[in-house]
Amino acid sequence: MMRALAARGIAVPQGFALTAEAYWRLLEEAGLRPAIEARLQDYQAGRTSLQEAGESIRRLIMRAPLPAQVEEELLQAYAELSRRYGKDEVDVAVRSSATAEDLPQASFAGQHDSFLNVCGAAELRDAVRRCLASLFNDRAIVYRQEQGFAHLRVALSVGVQKMVRADLACAGVMFSVDTETGFPRVVVIDGAWGLGENVVQGQVNPDEFVVFKPLLADPRWRPIIGKTLGTKERKVVYGAGGTRATRNVQTTLAERESFVLSDDEVLQLARWAVEVEEHYGRPMDMEWAKDGPSGQLFMLQARPETVQSRREAQFLKTYELKGSGPVLARGLAIGEAIAAGRANLIKSVHEMNRFEDNAVLVTAMTDPDWVPVMKRAAAIVTDHGGRTSHAAIVSRELGVPAIVGTMNATQVLLHGQEITVSCAEGEEGRVYDGLIPFEARDMDLS
């Protein structure tokens with residue numbers, strides 16, 4: 001984006017990247033490949049657990065020194081970036097990007113680690129090593145196996161990017177296609193106060209804006225066709241020092257009752273989304289941020305959208321409830337399906353072994369560590385999150401109906417209670433008491 005789209009007015013924070021070559025050199029110079037292969041073979045043969053294998057490999061990488069040339073070039077590039085921003089040690093985001101990541105057919109969304117508000121050479125070296133080690137996060141190992149990627153054929157690049165002070169403003173994500181229906185003529189923008197982590201992870205219910213793309217080119221029109229105020233209960237800000245680079249704090253009443261973006265800012269982001277989509281030639285999933293001190297908007301990342309762009313258009317499956325009952329919870333409907341089963345309230349990933357196959361997963365929010373349970377669920381219901389949260393994105397990829405942002409599901413639904421999750425009644429998803437009969441129909445559109 002920096003090279004191809006800056007001339008079109010799209011602002012991207014400056015930075016640099018360690019290429020995949022740095023990862024291969026680390027493996028070779030430290031002689032890690034045989035040890036990694038041995039631990040993966042032990043896991044695949046059932047001699048060790050996934051957790052033991054992953055932790056052992058990550059420990060090997062963390063203990064290995066960065067190759068001398070890699071470390072020298074890393075620190076030189078950081079010094080130059082700091083000079084450009086007029087600082088001795090500039091604050092940066094250190095982000096993982098695997099060579100098999102963000103493909104149109106495999107997202108790897110959230111599988112690897114990234115670190116915010118990294119400052120100084122020592123913190124940078126540590127964050128880079130942690131990014132490289134995250135190539136062997138437990139969830140990344142499982143995802144590669146399921147997608148058919150050989151573990152030692154995938155490398156990882158580390159992007160180092162100047163932090164946008166969104167902790168003093170706002171940040172979020174946007175899609176150049178409707179994430180639910182695949183309708184290609186709108187841009188959907190989600191945002192919340194502070195750094196963008198809470199939006200991506202689904203820890204808050206964000207503001208949402210929908211813009212009609214065909215009218216964006218005409219300055220006479222302001223085609224914002226939808227605005228939804230989110231509750232935005234928390235925001236991620238810079239840490240107070242020590243080892244806490246960031247922290248979550250409560251938002252004020254004024255922040256919760258205000259939209260994070262003005263109409264002009266919404267339209268600017270939407271125009272950028274159209275430019276990015278045209279450049280890459282496919283629907284895109286993007287991250288944006290607003291800098292508090294300057295008030296300037298920035299594009300942080302763009303990757304292919306991986307659900308609607310692959311959807312088969314030949315068949316249509318429709319669902320219809322054949323009864324009714326008390327509505328226990330309401331939220332945003334993800335998908336258009338209906339599912340019924342017993343509610344399984346799971347408070348944290350440490351309780352995942354309690355989950356029963358084909359039950360309804362009820363929890364506050366999900367992150368990539370939850371994917372193994374999400375795959376076994378008949379449906380998913382969360383307290384927090386918007387249409388671009390982790391729970392929403394992964395449930396779409398899995399084809400599992402979900403209702404996100406209910407605010408109270410974990411409080412009003414009982415463990416073991418029989419419920420029906422309906423995403424077939426429009427944008428609002430509803431959780432009904434009891435097992436309500438429903439009908440699913442397949443239509444061949446040809």
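Nothing here was measured: the structure is a model prediction, and the numbers come from that model.
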[X] side-chain N/O to [Y] backbone N/O, donor-acceptor pair under 3.5 Å:
X: Ser157; Y: Leu18; answer: yes
X: Arg58; Y: Phe136; answer: yes
X: Asp42; Y: Thr48; answer: no
X: Arg387; Y: Leu332; answer: no
X: Asn137; Y: Arg139; answer: no
X: Thr251; Y: Glu233; answer: yes
X: Ser258; Y: Ala254; answer: yes
X: Arg165; Y: Pro293; answer: no
X: Glu265; Y: Leu261; answer: no
X: Lys213; Y: Ser176; answer: yes

Please lay out, stage by stage, how Glu425 and Arg430 fare under the test salt bridge (charged side-chain N to carboxylate O under 4.0 Å, His left out). CA-CA 8 Å; Glu425 302 170 85; Arg430 297 169 186 167; 3.2 Å; yes

Check each of Phe175, Phe259, Trp288 against Phe209 using the ring-ring contact (aromatic ring centres under 6.0 Å, His included) test, and report the only one that passes.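 Between Phe209 and the candidates, ring-ring contact (aromatic ring centres under 6.0 Å, His included) is satisfied uniquely by Phe259.
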
Supply the atom-to-atom distance [X] [atom1] to [Y] [atom2], rounded to the nearest 0.5 angstrom.
X: Asp138; Y: Leu50; atom1: CG; atom2: CG; result: 4.0 Å
X: Glu208; Y: Leu229; atom1: CD; atom2: CG; result: 12.0 Å
X: Met374; Y: Glu397; atom1: CE; atom2: CD; result: 9.5 Å
X: Glu255; Y: Gln250; atom1: CD; atom2: CD; result: 10.5 Å
X: Thr388; Y: Ile334; atom1: OG1; atom2: CD1; result: 9.0 Å

Any Lys/Arg nitrogen of Glu180 or Arg396 sitting under 4.0 Å from an Asp/Glu carboxylate oxygen of the other?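 Judged by the 4.0 Å cut-off on N to carboxylate O distance, Glu180 and Arg396 do form a salt bridge.
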
Is any side-chain N of the basic residue among Asp178 and Arg185 closer than 4.0 Å to the acidic one's carboxylate O?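 Not counted as a salt bridge, because no side-chain N and carboxylate O are separated by less than 4.0 Å.
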
For the residue pair Asp383 and Thr410, confirm or rule out a side-chain donor-acceptor distance under 3.5 Å.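 The answer is yes; a qualifying pair exists.
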
Test side-chain contact (heavy atoms from CB on, under 4.5 Å) on Asp126 and Met62; report intermediate values, then the result. CA-CA 8 Å; Asp126 183 65; Met62 285 298 298; 3.8 Å; yes

On the 0 to 90° scale, with breaks at 30° and 60°, tag the Phe183-Phe212 ring pair as parallel, tilted or perpendicular.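 Taking Phe212 first and then Phe183, their aromatic rings lie parallel (interplane angle under 30°).
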
Enclosure of Glu427 CD (heavy-atom neighbours >12, cutoff 6.0 Å):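 Open: at most 12 neighbouring heavy atoms sit under 6.0 Å from CD of Glu427.
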
Under the criterion salt bridge (charged side-chain N to carboxylate O under 4.0 Å, His left out), I'd like the reasoning laid out for Arg271 against Glu275: C-alpha separation, chi angles, the key distance, then a yes or no. CA-CA 6 Å; Arg271 291 188 178 100; Glu275 296 271 12; over 6 Å; no

